[in-house]
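Both backbone and side-chain heavy atoms feed into the values below; hydrogens, waters and symmetry mates do not. Keep in mind that what you see is a predicted model, and the values were worked out from it rather than measured. Lettering of chains follows the sequences in order, A, B, ..., and the numbering in each one begins at 1.
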Amino acid sequence: LPNDLRVLNAAGARTATYRNIVEVYYQAYYAPIAEVALANSARAKLQFADVLDEILMVRLFDSLGPQFVTGTTRPIADALQAKAGVSGQIRSMLLSLWAIAILSSTATSNRGTAQQYTRRFWFRRSIAFAEVSTVHGVKHRPTY
Amino acid sequence: VARYSRYYARDLTLAARELRAAANLTREPTLKRYLRARAKALLNDDYFASDVAFVGLKGPIDVVLGPYEIDLDTWFGVKTAFEASIAIVNKAATRRIAGDSAHLQELEDHLPLAPELRGRKLGAAAPVLVLDAIYQGGLTAAGGAH
């Protein structure tokens with residue numbers, strides 16, 4: 001927020017994540033889905049901090065790359081209108097995967113960060129994919 | 001077009017009064033500025049100054065109050081719904097994510113894009129805050145955009 005283009009151009013924006021609300025979602029949805037979606041070995045390592053940090057990292061990575069339509073002050077999301085939601089999700093996932101690859105291949109000090117982030121990324125995506133698969137009646141148990 | 005300040009005059013007048021009272025109670029200058037500006041906006045439908053003040057919030061208390069998201073207007077996608085939230089900045093988690101952002105500029109500089117589209121100086125662009133909500137109302141409480 002805020003959504004007003006004039007404000008975005010004049011003062012920027014604030015990006016916030018409600019930690020305790022994410023935790024409620026984690027307890028109510030993520031953890032039960034993880035029970036059936038993750039392999040035993042992976043499930044034993046899953047912690048709330050993994051899910052929260054992955055959400056936060058995605059938010060950080062979202063600030064990368066062009067944010068406005070080239071040559072204008074119009075945010076890309078505003079230009080995409082109804083397609084902005086799906087496009088934004090795809091953009092976030094691609095940026096996350098790409099960031100992992102770059103962090104892994106650059107300074108040695110980043111490799112630990114990249115490995116940790118990779119684990120978190122696949123934990124959360126496994127759970128999300130399981131949620132979608134369940135809706136479509138498909139049993140899903142990846143082995144990450 | 002129905003102006004919210006006119007259509008909801010009674011409720012918004014009351015809300016504005018409470019915001020001004022809250023502003024008088026806080027010593028945190030950015031919150032005080034935001035609450036006063038937002039009280040004014042509720043009564044004249046001009047949210048620009050208070051939105052700028054919102055972006056400038058620096059204290060430990062985060063307040064979102066106003067008509068923002070259009071999720072409920074499935075016909076035209078223009079009518080905003082009121083929402084409110086009060087939250088405390090989780091300093092430890094916010095500091096931790098700020099530490100992780102140390103890699104951001106390096107990533108921006110290596111984006112697989114044409115040179116003119118990458119390498120933007122990120123500076124303090126849109127810092128990510130971690131909050132603990134203590135109250136939510138309106139669209140937010142109904143499971144809206146947040």
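Other residues, nucleotides and ligands contribute over 12 non-hydrogen atoms within 6.0 Å of the CD atom of A/Gln27. More than 12 non-hydrogen atoms from other residues, nucleotides or ligands lie less than 6.0 angstrom from NZ of B/Lys32.
Chain B forms more heavy-atom pairs under 4.5 Å with one residue of A/Ala99, A/Gly65, A/Pro66 than with any other, namely A/Gly65. Heavy-atom pairs under 4.5 Å with chain B peak, among A/Leu64, A/Val22, A/Leu52, at A/Leu64.
Note that OH of A/Tyr18 is 13.5 Å distant from CG of B/Asn90, once rounded to the nearest 0.5 Å. Taken to the nearest 0.5 Å, the OG1 atom of B/Thr94 stands 10.5 Å off from the CZ atom of A/Arg19. Taking CD1 of A/Ile21 as the start and CG of B/Leu131 as the end, the distance is 9.5 Å to the nearest 0.5 Å. One distance of note links CG of A/Leu56 with CZ of B/Arg96; it measures 7.0 Å at 0.5 Å rounding. In this structure, the separation between CZ on A/Arg59 and CG on B/Leu129 is 10.5 Å, given to the nearest 0.5 Å. The structure places CG of A/Leu60 at 4.0 Å from CD1 of B/Ile97, a figure rounded to the nearest 0.5 Å.
B/Val63 and B/Leu14 are assigned to two separate hydrophobic clusters, defined by single-linkage of ILVMFWY side chains at heavy-atom distances under 4.5 Å. Tracing side-chain contacts under 4.5 Å through hydrophobic residues (I, L, V, M, F, W, Y), one never reaches A/Phe68 starting from A/Ile76; they form parts of separate clusters. Linking ILVMFWY residues whenever their side-chain heavy atoms come closer than 4.5 Å, directly or via other members, places B/Ile134 and B/Leu31 in the same cluster. In the hydrophobic clustering of ILVMFWY residues, with side-chain heavy atoms under 4.5 Å counting as a link, A/Met93 and A/Leu80 come out apart. Residues B/Val130 and A/Val24 do not share a hydrophobic cluster, defined by chaining ILVMFWY side chains whose heavy atoms lie under 4.5 Å apart.
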**Message:** Pair B/Leu111, A/Ile102 - check side chain to side chain contact (heavy atoms under 4.5 Å, CB included), show working.
**Reply:** CA-CA 9 Å; B/Leu111 278 170; A/Ile102 291 296; over 6 Å; no
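For B/Leu107, the parts sitting under 4.5 Å from any heavy atom of chain A are the backbone and the side chain alike. Heavy atoms closer than 4.5 Å to chain B are found in the side chain of A/Gln67, but not in its backbone. Within the 4.5 angstrom heavy-atom criterion, atoms from both the backbone and the side chain of B/Ala133 approach chain A.
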